[in-house]
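Below is one structure, written out as structure tokens, with a few remarks after it.
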Amino acid sequence: MATLEIKNLHVSIAIADGLKPILRGVDLTVRSGETHAIMGPNGSGKSTLAYTIAGHPRYEVTEGEILLDGENVLEMSVDERARAGMFLAMQYPVEVPGVTVSNFLRTAKTAIDGKAPALRTWTGEVRTAMDALRMDPEFATRNVNEGFSGGEKKRHEILQMELLRPQIAVLDETDSGLDVDALRIVSEGVNRLKGNSEVGVLLITHYTRILQYIKPDFVHVFVAGRIAEQGGPELADRLEAEGYDRFLASAV
């Protein structure tokens, strides 16, 4: 069981004439087994939250804290956060030339578990996970994200998540750029992990279509770096019908 606590989080980024505030006091708790959807318009701070949790050096925490089971996440390096059980599926996965998917996955698993997985068992697990995500076996021999389509990159992110089995998974707009079939397959991967573990999921999205496949327990609306409203799944339905205009008007 794991608990991610975000308390009064303020985050800025460096610009030419100083620091630009992005997050302005975010409070959020994600527990094992829960799925939280973060929704909001462009520029509201959703991805900033994701990358701050993961430890991206561009984002400077000016106030507040992030705790994982009471431990200060902000004092952890990026790799320490991963070993502690945190995972980020990136909106724009980067290419890693010269490193095959197979080597990358096994190296990551070894780093997180502290020992290399048994090769025969690991090979079977990778093959099973790839089959479930409708990925060609040849995919494992390709360099990480090099020449991948948008859908292939997102499937690879979910493949990593299924194999690494984090305690807290942050999915940053995993649905962006996916057609309806790829969205369904990726969502099935997330739901498989949810069904086979107690992973807590923080799902960041603009749209409600992914929430038709991955059912949230809680929905939080981000506007101007703050949580403007929160509720259950019914809030997502209201956003689909009404949009964000009423939140944007009150934020001006």
Q) With the threshold set at 4.0 Å, does a side-chain nitrogen-carboxylate oxygen contact exist between R83 and D79? A)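 Yes, charged N to carboxylate O under 4.0 Å.
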Q. Are any of the side-chain nitrogens in E242 or R246 under 4.0 Å away from the carboxylate oxygens of its partner?
A.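 Salt bridge flag = yes for R246 with E242.
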Which atom of [X] lies closest to which atom of [Y], heavy atoms considered:
| X | Y | answer |
| --- | --- | --- |
| S176 | Q91 | OG-CG, 4.1 Å |
| G225 | V26 | O-CG2, 3.6 Å |
| P93 | K154 | CD-CE, 4.4 Å |
| E157 | F87 | O-CZ, 3.4 Å |
| M130 | A140 | CE-N, 3.9 Å |
| V219 | L235 | O-CD2, 3.6 Å |

Checking [X] now: which residues fulfil side chain to side chain donor-acceptor pair (under 3.5 Å) with it, not counting sequence neighbours?
| X | answer |
| --- | --- |
| T141 | none |
| T208 | E240 |
| R142 | E152 |

Honestly curious: do [X] and [Y] fall in one hydrophobic cluster under the side-chain, below-4.5 Å linking rule?
| X | Y | result |
| --- | --- | --- |
| L163 | V99 | yes |
| L178 | L133 | yes |
| L211 | I38 | no |
| V61 | I227 | yes |
| M39 | I53 | no |

Q.
Under a 3.5 Å threshold, yes or no: a donor from one side chain and an acceptor from the other, between E95 and N143?
A.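 No donor-acceptor contact under 3.5 Å links the two side chains.
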Q: Give the ring-plane orientation class for H156 versus F104, where under 30° counts as parallel, over 60° as perpendicular and anything between as tilted.
A: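 Plane angle between 30° and 60°, so tilted.
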Q. Is the F139 ring parallel, tilted or perpendicular to the F148 ring (thresholds 30°, 60°)?
A.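 F139 and F148: tilted rings.
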Using modelled atom types only, decide if a donor and an acceptor are shared between the side chain of [X] and the backbone of [Y] within a distance under 3.5 Å.
| X | Y | answer |
| --- | --- | --- |
| Y244 | G40 | yes |
| R134 | A132 | yes |
| K153 | V144 | no |
| D27 | N8 | yes |

Q: With side-chain hydrogen bond (donor to acceptor under 3.5 Å, both in side chains) as the test, would you mind laying out the steps for N72 and E65 before giving the verdict?
A: CA-CA 7 Å; N72 188 349; E65 56 187 350; 5.7 Å; no
Q: Using side chain to side chain contact (heavy atoms under 4.5 Å, CB included) as the criterion, list what pairs up with T3, not counting sequence neighbours.
A: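 T3 satisfies side chain to side chain contact (heavy atoms under 4.5 Å, CB included) with E5, T29, R31, D69 once adjacent residues are dropped.
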Q) Hey, which of L88, L193, I112 is the one that makes side-chain contact (heavy atoms from CB on, under 4.5 Å) with P166? A)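 The residue from L88, L193, I112 that satisfies side-chain contact (heavy atoms from CB on, under 4.5 Å) with P166 turns out to be L193.
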Q. Taking everything shown except E234 itself, do over 12 heavy atoms lie less than 6.0 Å from its CD?
A.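 Buried by this count: over 12 neighbours within 6.0 Å.
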Q. What residue pairs, at least two apart or across chains, pass salt bridge (Lys or Arg N to Asp or Glu O under 4.0 Å) with a residue in residues 208-227?
A.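 Qualifying pairs: none.
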Q: Please lay out, stage by stage, how T110 and K115 fare under the test side-chain hydrogen bond (donor to acceptor under 3.5 Å, both in side chains).
A: CA-CA 5 Å; T110 300; K115 61 180 181 180; over 6 Å; no
Q: Write out all pairs satisfying ring pair (Phe, Tyr, Trp, His ring centres under 6.0 Å) with one or both partners inside residues 191-215, taking only residues at least two apart or from two chains.
A: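 Those involving residues 191-215 do not exist here.
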